[in-house]
Number of protein chains: 2
Amino acid sequence: MSRRPAANMTYECSLRTESRSTGGPEWLPASAYTRPMPAPPKSLIVPAVAAKPADAEAPISRGDRKLRTRAHLLAAALQLMGEGRGFGTLSLREITRVAGVVPASFYRHFRGLDELGLALVEESGVTLRRLLREARRTGMPPKDILRRSVQIFRDYIHAHRLHFMFVAGERSGGSALIRAAVRAEERHFIDEMSHDLRQFGLMPGSSTAALHMACGLVVTTMMNAATDFLDVPPDQPQLEREITENFVRQLRLIFLGARVWRE
Amino acid sequence: MSRRPAANMTYECSLRTESRSTGGPEWLPASAYTRPMPAPPKSLIVPAVAAKPADAEAPISRGDRKLRTRAHLLAAALQLMGEGRGFGTLSLREITRVAGVVPASFYRHFRGLDELGLALVEESGVTLRRLLREARRTGMPPKDILRRSVQIFRDYIHAHRLHFMFVAGERSGGSALIRAAVRAEERHFIDEMSHDLRQFGLMPGSSTAALHMACGLVVTTMMNAATDFLDVPPDQPQLEREITENFVRQLRLIFLGARVWRE
DNA sequence: AAGTTCAGTAAACGTACGTTCACTGAATAT
DNA sequence: ATATTCAGTGAACGTACGTTTACTGAACTT
């Protein structure tokens, strides 16, 4: 399961070209675009939701248009991986199909799939860092820090589900190129985190190296928890609570260990 | 990079059939098999080594032969993933090609690729558990436990490189089916490990639940370290030493935390 | 107003894929 | 000695793929 639909289907083409003339654009006045109106980037399974939520109106400029299509391509790839597939299993045609664009168009934006992958890593890296930034801005409530942080983290994951699926998935699997890029982002994340921890004065007795090591441990644990959270079916609050609880305890143990750490 | 060779190649067929008549079987007397002698399961890159190391002689029985081919298929899949690709990117034809067998033969052994994947999970699970078993047999040397264990672990990883690449890679990425199976194996591993830790009397003050939680943390860290180890190029002993050192410290921190753990 | 640029198009190419089918012939069962 | 079984074969099928090519026409430049 979960690999490509195993051959024998309706032959791909009908989708884009037909969907524009038949069941297509009643959800938006077709006149909104002059010609290169991209077909709705709808999934093959859930047709309506996600990716391009009536952001229509008038994005006129040519450069903006290009950016928009590029974003559609990235979103399409993420969406496909959201159905539970590795980046390496995506095909170019598939991505362009979901993005509502012809395959050849892809090359106007990326040299190939790897380049798109790297763009996704960067995008995800930004999402990751924003998590830290928000935590920094909020400051840490001195009471129940861990439990609160984990709750925030859980919410953040679900709000950026696709990015986290991507990072968690490609962090260890798949292509060496992408994995390396993800690990680099992760290192930046660890660096920032240990900087913040020092700033906030948690673990004052520890050396920089020890702090960094502990943060690495935290991030590993965090990524693992992310995979766990993302694998929970949406109707299993009990399971999610257990994962939350386990994650909190693990973090507690780590910080306990860090407090008594001596070289 | 690292996805499939990007089209435009010599058309696959020539490979198997030709290699038998031209440059093929001088490494073994062709008469060893009557007819269904499988072509050498050589990689497209490194032709000679690995998979079927002169285990020839006479495995006569039909059942044995079937098992042997099955093993070749599993080994072929692992080998391909060893080149740094996710399981989801493998194709059936590719696997049979490397295994030295015609595509249709695949179905004599597996219903499809997923079934082969699950077989690989099981195989890898056995490898994982053998690690614990050996640790149990040896007993833990009371001096420098952590450092010694990590060295053993590092050696074990390299001795079973492909299995660990598979587990580490599919643990978070790829198909939900395989991921679930891997996580199940991992849970078994954690169970056994916490049982052993209790047996050996480490962490005597902790509840079963706490022990289990700590073991989960250890295994997550371990899997992460495995990916790190496997990504080190073979000529970078310094980098490997750093990873080892980091891993030791992380484990030390975890056990430190576990020692002072209170509910 | 005329000319240039270039994101997106349509069609074609050669290759690879999964799956099916009737077959062959040695290992087994009778 | 004869019949049955069945792992492995070879060929064919329809579908999907990545990439290239010449094109169109609106957005920009002059």
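Reckoned from all heavy atoms, side chains included, excluding hydrogens, waters and symmetry mates. Here is how names work: the chains are called A, B, and so on, in the same order as the sequence lines, proteins then strands, and each is numbered from 1. Because the structure is predicted, anything quoted here is derived from the model rather than measured.
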Point to revise | Heavy-atom check, side chain of A/Phe106 versus side chain of A/Arg93, under 4.5 Å | key: no
Review point. What pairs meet the salt bridge (charged side-chain N to carboxylate O under 4.0 Å, His left out) rule with one or both residues in residues 155-176 of chain B, with sequence neighbours excluded?
Key: B/Arg171-B/Glu186
Review point. Atom CZ of B/Arg93 and atom C1' of D/dT9: how far apart are they, to the nearest Å?
Key: 13 Å
Review point. On DNA chain C, nearest-nucleotide positions of B/Tyr107 versus B/Gly63: which is more 5'?
Key: B/Tyr107
Revision key, fill the gap. note: A/Ile95, atom CD1; D/dA16, atom C1'; distance rounded to Å ~ 14 Å
Point to revise | Where B/Leu78 and B/Phe166 come nearest, the two heavy atoms and their spacing | key: CD2-CB, 3.9 Å
Review point. Taking only residues two or more places apart in sequence or in another chain, which ones pass salt bridge (charged side-chain N to carboxylate O under 4.0 Å, His left out) with B/Arg136?
Key: B/Glu192, B/Asp196
Exercise for review: For residues B/Ser172 and B/Arg183, report the shortest heavy-atom separation together with the two atoms involved.
Suggested key: OG-NH1, 3.9 Å
Check your understanding: Is any side-chain heavy atom of A/Arg70 less than 4.5 Å from a side-chain heavy atom of A/Arg108?
Key -> no
Review point. What is the distance from CZ of B/Arg68 to C1' of C/dA27, rounded to the nearest Å?
Key: 15 Å
Check your understanding: What is the distance, rounded to the nearest whole Å, between atom CZ of B/Phe106 and atom P of D/dT9?
Key -> 15 Å
Revision key, fill the gap. Winner on side-chain proximity to B/Ala104, out of D/dT20, D/dC17, D/dG10, is D/dG10
Practice item. Could you tell me the separation between the CG atom of B/Leu73 and the C1' atom of D/dA7, rounded to a whole number of Å? Key: 11 Å
Exercise for review: Measure from CG on A/Leu113 to P on D/dC17 and round the result to the nearest Å.
Suggested key: 11 Å
Review point. Once you round it to whole Å, what is the distance between P of C/dG18 and CG of B/Leu92?
Key: 5 Å
Point to revise | Atom-to-atom span, CZ of B/Phe110 to P of D/dA7 - whole angstrom | key: 13 Å
Restricting to nitrogen or oxygen on both sides, can you table the protein-nucleotides 5-7 of chain C pairs closer than 3.5 Å?
{"residue": "C/dT5", "atom": "O2", "partner": "A/Arg62", "partner atom": "NH1", "Å": "2.7"}
{"residue": "C/dT5", "atom": "O2", "partner": "A/Arg62", "partner atom": "NH2", "Å": "3.2"}
{"residue": "C/dA7", "atom": "N7", "partner": "A/Arg108", "partner atom": "NE", "Å": "3.3"}

Point to revise | Under 3.5 Å donor-acceptor, B/Thr96 side chain and B/Leu92 backbone | key: yes
**Study point:** A/Val102 side-chain proximity, nearest of C/dC17, C/dT9, D/dC17
**Key:** C/dT9
